[in-house]
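For reference, the structure is listed below as structure tokens.
These numbers were taken from a predicted model, which means no experiment stands behind them.
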Amino acid sequence: MPTQGASITVQGGLDLVSSSHALFRTPGAATVLQNFESSTTGGYRRVSGYEKWGTTSAVIPSGLSTDLIHGIKNYANGVVVAQGDNLYFSTTGTSYVQINKDTFTIGTGTVSISSNSATVTGSGTTFTTDFAAGDDIKITSSQGTYIYKILSITSNTLLTLQTNANTSTTENNLTYYVGGISAGSLAGATTIPRTNQSNVQFVNFESTGGQNGTLYFVDGQNKIGEFSIHDNATYHYEDINNDAPEGCSLIERYAERIIVAGQTLNPSVVYYSTRLKPYDFTGASSGSIDVGDIVTGIKVFRNSLIIFCKNSIYELTNLDSTPIIKSVTKNIGCVNGNSIQEIGGDLIFLAPDGLRTVAGTARIDDVELGSISRKILPLVDDILRNFANYTISSTVIRERSQYRLFYYQSGQANSGQKGIIGTFKYSSEGIPAFEWSETKGLPVKFITSDLNSSGTEFIYHADESGYVYQHDTGNSFNGSNVEAEFQTPDMDYGDNGLRKSLYAVKANIRPEGVQNDLNLRIRYDFENSEVPQPGNFTVGNLSSASLFGSALFGTGIFGATTLPSKRITVTGSGFSNNFKFFSNDTNAPYSVNGMFVSFIAGGRR
């Protein structure tokens, strides 16, 4: 019989719902795709690893592994970490400073304030040296101690606040405090504890705080927190008073305001600050809206704020005038706000029936909902059935148009922690779609991703070990093997009634370094136990090509091709078969892009 061949392009991602007959038409899809990601350049790429941030010199922010991490956030080319009842900051991972400190120091001289006045008059003061417009000043009067924002400074003895002073009369000879201390002074400052903080959510209000912006954060228990590192390297921290809502668990920036929600006592209320004054929830342009359903997440979408609730979704606009609240749907809600991310111009979130998107339509200010996780529905259903056991976190990797969702289970070994990856791609017909895969062995309880000041994306995550890890880097899972599997559906090469004897597979595989542990397994006729099944086949040594001008002599491997094809001699026969590429090592990642299968046609059944 003549030799025949079939070319298979690897694409489509994980498909757990299509029938075996339907999958005959999509041989490049996957029925198993563990620790692979669908690449925007084609094929399936074995995922990169993770390692302790700070590598061998990494330290636990609080110094105690028993202190659980409750949230992390990229900031000022470093990371802010909420751990135990405190917050910490580092730019290296090898040392941290505790930042939830009283960062005010007593000023020179005394001040006077009056009722219904924003003017502060000093005696023996040095306002022009101590302050700049937008800085904080803390003043202790008979009404208590209050923190104000400075509008302008006229002289060493005269400044104007952004709001009137809290006093019912004229008070003289008052003590005032200057905001901002150096990193070296933080250790000696008084701690302002974040008692019982949990699932800390951050947002950067970039209009204040200098080039780094100002972080605002909530934790479901305490006051809204504010932290910034100014351009002069001074650290500023405070809990927002001024009648701001307390105990919120959700926060977002929208319409030049801070938006908070998720109070235990008022779970359906969304609060918004005064425009351009994120610390002020009492001004004329601040307010609140009761949507009548438990709010589970809030996220900006284009010119709107999408309010995700337990059983419904709303769209909020027009905060600069009369706020407009519009129902998107009253039939679908969001089960966890930590799943909400923006990708591909849409919002993606975890609904009770799977992952969905809030997408814009051709009509102005109109949105629609779409379902995107049908192909991995059994996997998502398993997450939803066991939802109470998981801590959900998610992020977007911008350069790969990739959404990652992790469901962390306390007490589970790292090797058993799981997640899902969705890569946003366009098909050859120009249709947008997500291609899915799974992760196993990535212990991600909290994750953050953002660009640094140089435009480079950095991703960090935390588990329950107390350490912060750099995500998506290196070849191993913090020194452990990456167990990767890609299995195709059974394929019949267009004729399920014809027996095929396979004798060679030419695999198109692009390594990113040395990879010598990749294997191929073939199973015939849907892994029928009555059909002789061959053993595993070794793919052979793979090495990335060295390019002239960039390779290091003595380290780089010369003579390799940029996209090598490995011919693998195989055995066995059947009416259909599947292929599984698998590795379990700490070698470099690689991409499987396709294969050419050679076989001899046999008898017809």
**Message:** Suppose we screen for side-chain hydrogen bond (donor to acceptor under 3.5 Å, both in side chains). Which residues come up paired with Thr167, at least two apart in sequence or across chains?
**Reply:** Glu171
**Prompt:** Can Gln417 and Tyr407 be counted as having a side-chain donor-acceptor contact under 3.5 angstrom?
**Reply:** no
**Complete:** Sequence neighbours excluded, the answer for salt bridge (Lys or Arg N to Asp or Glu O under 4.0 Å) partners of Asp293 is none
**Prompt:** What residues form a ring pair (Phe, Tyr, Trp, His ring centres under 6.0 Å) with Tyr314, not counting sequence neighbours?
**Reply:** none
**Prompt:** Regarding Ser286 and Ser273, is there a side-chain donor-to-acceptor distance under 3.5 Å anywhere?
**Reply:** no
**Request:** Give a yes or no on whether the ring-centroid distance for Tyr467 and Trp53 is below 6.0 angstrom.
**Result:** no
**Fill in**
Hits for ring pair (Phe, Tyr, Trp, His ring centres under 6.0 Å) against His70, two or more places apart or cross-chain, chain-then-number order -> none
**Prompt:** Do Glu252 and Leu305 have side-chain heavy atoms sitting under 4.5 Å apart?
**Reply:** yes
**Asked** Taking atom types as modelled, is there a side-chain donor on Gln98 or Thr191 under 3.5 Å from an acceptor on the other?
**Response** yes
**Asked** Side-chain donor-acceptor pair under 3.5 Å between Thr473 and His471, yes or no?
**Response** no
**Message:** Taking ring pair (Phe, Tyr, Trp, His ring centres under 6.0 Å) as the definition, give me every residue that meets it alongside Tyr88, ordered by chain and number, with sequence neighbours left out.
**Reply:** none
**Prompt:** Considering only heavy atoms from C-beta outward, does the side chain of Phe446 approach that of Val200 to under 4.5 Å?
**Reply:** no
**Item:** Results of side-chain hydrogen bond (donor to acceptor under 3.5 Å, both in side chains) for Asn318 - residues two or more places apart only
**Value:** none
**Item:** Residues Arg257, Asp320: salt bridge by 4.0 Å N-O rule
**Value:** yes
**Asked** Any chance the rings of Phe477 and Tyr50 have centres within less than 6.0 Å?
**Response** yes
**Request:** Determine whether the side chains of Tyr216 and Glu226 contain a donor N or O and an acceptor N or O closer than 3.5 Å.
**Result:** yes
**Message:** For a 4.5 angstrom cut-off between non-hydrogen side-chain atoms, does Thr439 reach Phe406?
**Reply:** yes
**Prompt:** Aromatic ring centroids of Phe308 and Phe349 under 6.0 Å?
**Reply:** yes
**Message:** Side chains of Leu14 and Lys375, heavy atoms from C-beta outward: is any pair under 4.5 Å?
**Reply:** no
**Pair Asn241, Lys223: side-chain N/O donor-acceptor within cut-off below 3.5 Å** = yes
**Request:** Evaluate the salt bridge (charged side-chain N to carboxylate O under 4.0 Å, His left out) criterion for residues Asp450 and Arg398: first the C-alpha distance (whole Å), next the side-chain angles of each, then the deciding distance (0.1 Å), finally the verdict.
**Result:** CA-CA 9 Å; Asp450 211 341; Arg398 295 163 178 81; 3.6 Å; yes
**Message:** Once rounded to the nearest 0.5 Å, what's the spacing between atom CD of Glu435 and atom OG1 of Thr40?
**Reply:** 10.5 Å
**Request:** Might you point out which heavy atoms bring Pro61 and Val468 nearest each other, and give the distance in Å?
**Result:** CG-CG2, 4.5 Å
**Prompt:** Under a 4.5 Å cut-off applied to non-hydrogen side-chain atoms, are Leu377 and Leu16 in contact?
**Reply:** no
**Message:** A side-chain contact here means heavy atoms from C-beta on lying under 4.5 Å apart; do Ser449 and Val396 qualify?
**Reply:** no
**Item:** side-chain hydrogen bond (donor to acceptor under 3.5 Å, both in side chains) partners for Thr329, two or more places apart
**Value:** none
**Prompt:** With no hydrogens and no angle check, is any side-chain donor or acceptor of Asn35 less than 3.5 Å from a backbone partner on Lys440?
**Reply:** yes
**Prompt:** Hey, would you say the His461 and Tyr469 ring centroids sit under 6.0 Å apart?
**Reply:** yes
**Prompt:** So, Asn452 and Asn74: side-chain donor and acceptor under 3.5 Å apart, yes or no?
**Reply:** no
**Asked** Just how far is it from atom CZ of Arg302 to atom CD of Glu315, taken to the nearest 0.5 Å?
**Response** 10.5 Å
Contacts under 3.5 angstrom, residues 380-388 side chains, donor-acceptor by atom type, not counting sequence neighbours:
unit_1, atom_1, unit_2, atom_2, d
Asp382, OD1, Asn386, ND2, 3.3
Asn386, ND2, Asp382, O, 2.9

**Complete:** Applying salt bridge (Lys or Arg N to Asp or Glu O under 4.0 Å) to Lys445 and not counting sequence neighbours gives Glu464
**Fill in**
Looking only at heavy atoms, the pair that brings Tyr146 and Asn166 closest together is CD2-ND2, 3.3 Å
**Prompt:** Is the shortest heavy-atom distance from the side chain of Val295 to the side chain of Val270 under 4.5 Å?
**Reply:** yes
**Request:** For atom NZ of Lys418, decide whether the heavy atoms of other residues, nucleotides or ligands shown that lie under 6.0 angstrom number more than 12.
**Result:** no
**Request:** Could you tell me which residues satisfy ring pair (Phe, Tyr, Trp, His ring centres under 6.0 Å) with Tyr75, sequence neighbours excluded, listed by chain and number?
**Result:** Phe227
**Asked** Rounded to the nearest 0.5 Å, how far apart are CD1 of Ile137 and CZ of Phe104?
**Response** 9.0 Å
**Asked** Do Thr282 and Asp280 get their side chains close enough for a donor-acceptor pair, meaning under 3.5 Å?
**Response** yes
**Prompt:** Going through the checks in order, is the side-chain hydrogen bond (donor to acceptor under 3.5 Å, both in side chains) test met by Asn77 and Ser453?
**Reply:** CA-CA 7 Å; Asn77 292 335; Ser453 59; 2.9 Å; yes
**Set of residues satisfying salt bridge (Lys or Arg N to Asp or Glu O under 4.0 Å) with respect to Arg45, sequence neighbours excluded** = Glu37, Glu512
**Message:** Between Glu246 and Ile224, does the side chain to side chain contact (heavy atoms under 4.5 Å, CB included) criterion hold? Intermediate values first, please.
**Reply:** CA-CA 7 Å; Glu246 297 184 24; Ile224 301 170; over 6 Å; no
**Asked** Does the side chain of Ser62 come under 3.5 Å of the side chain of Asp67 through a donor N or O and an acceptor N or O?
**Response** yes
**Item:** Pair Ser18, Asp15: side-chain N/O donor-acceptor within cut-off below 3.5 Å
**Value:** yes
**Message:** Can a side-chain donor-acceptor contact be found between Ser198 and Asp219 if the only test is distance below 3.5 angstrom?
**Reply:** no
**Message:** Going by salt bridge (Lys or Arg N to Asp or Glu O under 4.0 Å), name the residues that satisfy it together with Lys138, two or more places apart in sequence or in a different chain.
**Reply:** Asp102
**Request:** Examine the side chains of Asn338 and Gln201 and answer whether a donor and an acceptor come within less than 3.5 Å of each other.
**Result:** yes
**Complete:** The residue among Leu319, Ile251, Leu316 that forms side chain to side chain contact (heavy atoms under 4.5 Å, CB included) with Ile259 is Leu319
**Request:** Tell me yes or no: between the side chains of Asn164 and Asn116, is some donor less than 3.5 Å from an acceptor?
**Result:** no
**Prompt:** Is there a side-chain contact between Tyr237 and Leu186, using heavy atoms and a 4.5 Å cut-off?
**Reply:** no
